[in-house]
There are 2 protein chains.
Amino acid sequence: MAKNYLRSIRLLSECMQLFELASARTVRQFGLTHSQFDIIATLGNTPGMTCKELGEKTLITKGTLTGVLDRLEQKGWIQRERGNDDRRQLFIRLTAEGERLFDEVFPQVVATGARRFTDYADEDFDTLEQALIKLKQHLSDAV
Amino acid sequence: MAKNYLRSIRLLSECMQLFELASARTVRQFGLTHSQFDIIATLGNTPGMTCKELGEKTLITKGTLTGVLDRLEQKGWIQRERGNDDRRQLFIRLTAEGERLFDEVFPQVVATGARRFTDYADEDFDTLEQALIKLKQHLSDAV
DNA sequence: TATTGTTATACTCTATAACTATA
DNA sequence: TATAGTTATAGAGTATAACAATA
């Protein structure tokens with residue numbers, strides 16, 4: 001069993017690396033780091049969210065998050081707003097300029113990735129998706 | 001097509017995150033960073049390799065690699081040895097202590113991961129593997 | 001007392017470019 | 001000239017713990 005599992009995980013990791021190699025290049029052309037893109041992409045098409053929520057979605061711990069948000073705020077891409085119901089919370093959301101960035105960079109990252117899927121048939125996607133859904137289920141349950 | 005592709009990539013990334021969440025904890029308990037573990041794991045069960053080769057396998061660029069290797073050398077886990085045929089090259093390999101570390105940490109990371117695969121049948125692995133192999137093929141070709 | 005987010009600390013990774021030594 | 005690896009530089013991410021404001 002362990003051998004099967006190692007082989008699958010290695011494949012998983014190799015696929016991610018191949019994919020990220022391409023997207024990283026695009027992301028960097030926009031002057032964004034991986035973490036920064038992660039946050040812009042998470043905030044895109046949402047009304048914003050608290051730091052806590054943002055940290056949970058991006059898996060960035062709160063201390064680190066402050067620094068990353070500082071840099072994004074400094075560049076004018078996000079803004080912080082103190083919550084009304086709970087004044088401890090900060091709502092983070094994209095500024096108009098941040099949305100413009102999102103609208104530009106996100107489709108481009110998607111396109112770069114999509115170019116790699118030429119000839120990938122619907123049934124190929126289905127098979128892959130089913131397998132990954134099952135895997136994800138297992139990985140989640142086992143925590 | 002783009003939608004299918006996004007869904008698959010998101011799943012891929014979520015699976016990796018779930019998996020790495022567990023392994024990262026184990027790795028950190030041994031005082032290793034992700035990059036450091038990557039190198040130890042790459043060198044394990046090999047007679048060693050050049051910096052160039054190591055950099056290609058781990059996707060760490062040469063300037064960065066020097067620093068990571070410095071820290072590993074300082075802790076006595078790897079050693080550098082000047083090549084004989086080509087005196088520009090350095091052969092990196094695990095020290096006895098590095099191998100001991102590898103023998104301890106690697107199975108534990110594997111075990112932590114494997115625990116999440118209980119009930120995962122051979123055919124589940126086969127399906128997943130086939131789908132991932134096909135995906136990897138596509139991603140590689142499309143570069 | 002508990003929670004949200006910031007600050008402070010210390011370290012590691014990162015890309016890049018200039019450099020040394022070999023080839 | 002080209003290649004293998006180091007050094008220097010300037011950011012950026014990371015975990016952790018102590019902290020302030022609010023609940």
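Lettering follows sequence order; numbering is per chain, from 1.
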Tabulate protein N/O versus nucleotide N/O from nucleotides 19-23 of chain C, keeping only pairs under 3.5 Å, one per line.
{"residue": "C:dA23", "atom": "OP1", "partner": "B:Arg87", "partner atom": "N", "Å": "2.9"}

Quiz item: What do you reckon, is CG of A:Asp86 surrounded by more than 12 foreign heavy atoms closer than 6.0 Å?
Solution: yes

Quiz item: Taking side chain as C-beta onward, heavy atoms only, is B:Gln137 less than 4.5 Å from B:Lys134?
Solution: no

Quiz item: Hey, which of these two, B:Leu65 or A:Thr64, hits DNA chain D nearer its 5' end, going by closest nucleotide?
Solution: B:Leu65

Quiz item: Looking at C:dT7, C:dT4, D:dT6, which one has an atom nearest to any side-chain atom of B:Thr66?
Solution: D:dT6

Practice problem: Please name the pair of heavy atoms, one in B:Arg88 and one in B:Arg82, separated by the smallest distance, quoted to 0.1 Å. | Solution: O-NH1, 3.0 Å

Practice problem: Check every strand shown and say whether B:Ser35 touches a base, only sugar-phosphate, or nothing at a heavy-atom separation below 4.0 Å. | Solution: sugar-phosphate

Self-check item: Closest-nucleotide ordering on DNA chain D, the 5'-leading residue of A:Gly63 and B:Arg80
Solution: B:Arg80

Quiz prompt | Selected nucleotide, minimal atom distance to A:Gln36 side chain, candidates D:dA12, D:dG5, C:dT6 | solution = D:dA12

Quiz prompt | Sequence-distant partners of B:Phe106, ring-ring contact (aromatic ring centres under 6.0 Å, His included), two or more places apart | solution = B:Phe102

Self-check item: Value in whole Å for how far the C1' atom of D:dA12 lies from CZ of A:Phe37
Solution: 18 Å

Quiz item: Looking across every strand, which nucleic acid part, if any, lies under 4.0 Å from A:Thr33 by heavy atom: base, sugar-phosphate, or nothing?
Solution: sugar-phosphate

